[in-house]
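What you are looking at is a predicted structure, and each value in this text was computed from that prediction instead of being measured.
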Amino acid sequence: MPTRRTWRRQPSSLRPVLALAFAGAMVICSPPAAAAESVLTQKGLALSQLHCARCHIVSDKDRFSGISSTPSFKIMIEVLKDWEDRFQTFMARNPHPAHIRLETDDPRPENLPVTTHEVILSLDDIEAILAYVEDMAAHMGKSGN
């Protein structure tokens, strides 16, 4: 008959095996679309932090980024009734045309101030940023159309 001490060790020695089996089952059972969505939203977060956080607060973790005259992503989603339209057309809304362009657009105009940092985005980058914003909105209970 095993002693009480031996009995306690056996289950704890199985914990790493059980944890690994559980993690494997989670990977196998996870829908591929959800994983792709997560990758897309993570890319959108990274791009937002890289390019948008100069002016906007893009996540709760970056509350001290941005400038005070520019609304955070969260405030725009929470307060503006047309937030979806504003995010989908952000490249055409001032001041964005002065410093953002698609990688397929003509080169930067010579008359822009040298202090304007140019941001060059691809259509995939824009899709990722919009996916991140839509995910943020969903977590806030503000689902899209």
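One hydrophobic cluster holds both Phe90 and Leu123 under the rule that ILVMFWY side chains link at heavy-atom gaps under 4.5 Å. If you chain together hydrophobic residues whose side chains sit under 4.5 Å apart, Val133 and Met140 fall into the same group. Linking ILVMFWY side-chain heavy atoms closer than 4.5 Å, directly or via other members, places Leu80 and Met136 in a single hydrophobic cluster.
Between Pro97 and Met91, every side-chain heavy-atom pair lies at or beyond the 4.5 Å cut-off. Using a 4.5 Å cut-off on side-chain heavy atoms (C-beta onward), Glu118 and Ile100 make no contact. Looking only at side-chain heavy atoms (C-beta outward), Ile126 and Leu102 come within less than 4.5 Å of each other. Taking 4.5 Å as the limit, some side-chain heavy atom of Phe87 sits within range of a side-chain heavy atom of Ile77. Here the side chains of Lys74 and Val79 are not in contact, with every heavy-atom distance at 4.5 Å or above. Looking at heavy atoms from C-beta onward, Ser59 lies in side-chain contact with Leu45 at the 4.5 angstrom threshold.
Atom CE of residue Met76 and atom CD1 of residue Ile57 lie 10.5 Å apart, to the nearest 0.5 angstrom. In this structure, OG1 on Thr104 lies 10.5 Å from CD1 on Ile120, to the nearest 0.5 angstrom. Note that the CZ atom of Arg63 and the OG atom of Ser72 stand 11.5 Å from one another [nearest 0.5 Å]. Note: Gln88 CD to Glu134 CD = 6.5 Å, rounded to the nearest 0.5 Å. Taken to the nearest 0.5 Å, the NE2 atom of His51 stands 13.0 Å off from the NE2 atom of His56. Going from atom NE2 of His139 over to atom CG of Asp135 covers 5.0 Å, rounded to the nearest 0.5 Å.
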Inset, instruction - Start with the C-alpha gap between Leu121 and Glu103, add the side-chain angles, then the distance that decides, and say whether side-chain contact (heavy atoms from CB on, under 4.5 Å) holds. - result: CA-CA 6 Å; Leu121 299 173; Glu103 62 186 1; over 6 Å; no
Inset, instruction - Any chance you could lay out the side-chain contact (heavy atoms from CB on, under 4.5 Å) test for Thr89 and Glu84, step after step, and finish with the verdict? - result: CA-CA 9 Å; Thr89 61; Glu84 289 174 287; over 6 Å; no
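A salt bridge links Lys43 to Asp125: at least one charged side-chain nitrogen sits closer than 4.0 Å to a carboxylate oxygen.
Between Cys52 and Val58 the shortest heavy-atom distance is CB-CG1, 3.8 Å. Residue Ala53 comes nearest to Ser65 through the heavy atom pair O-CB, 3.7 Å, listed as atom of the first residue, atom of the second, then distance. Glu127 and Leu40 get closest at one heavy-atom pair: OE2-CD2, 4.0 Å. Scanning all heavy atoms of the two residues, the minimum distance from Leu47 to Ala128 falls at CD1-CB, 4.1 Å.
Aromatic ring orientation, Phe73 versus Tyr132: tilted (interplanar angle from 30° to 60°).
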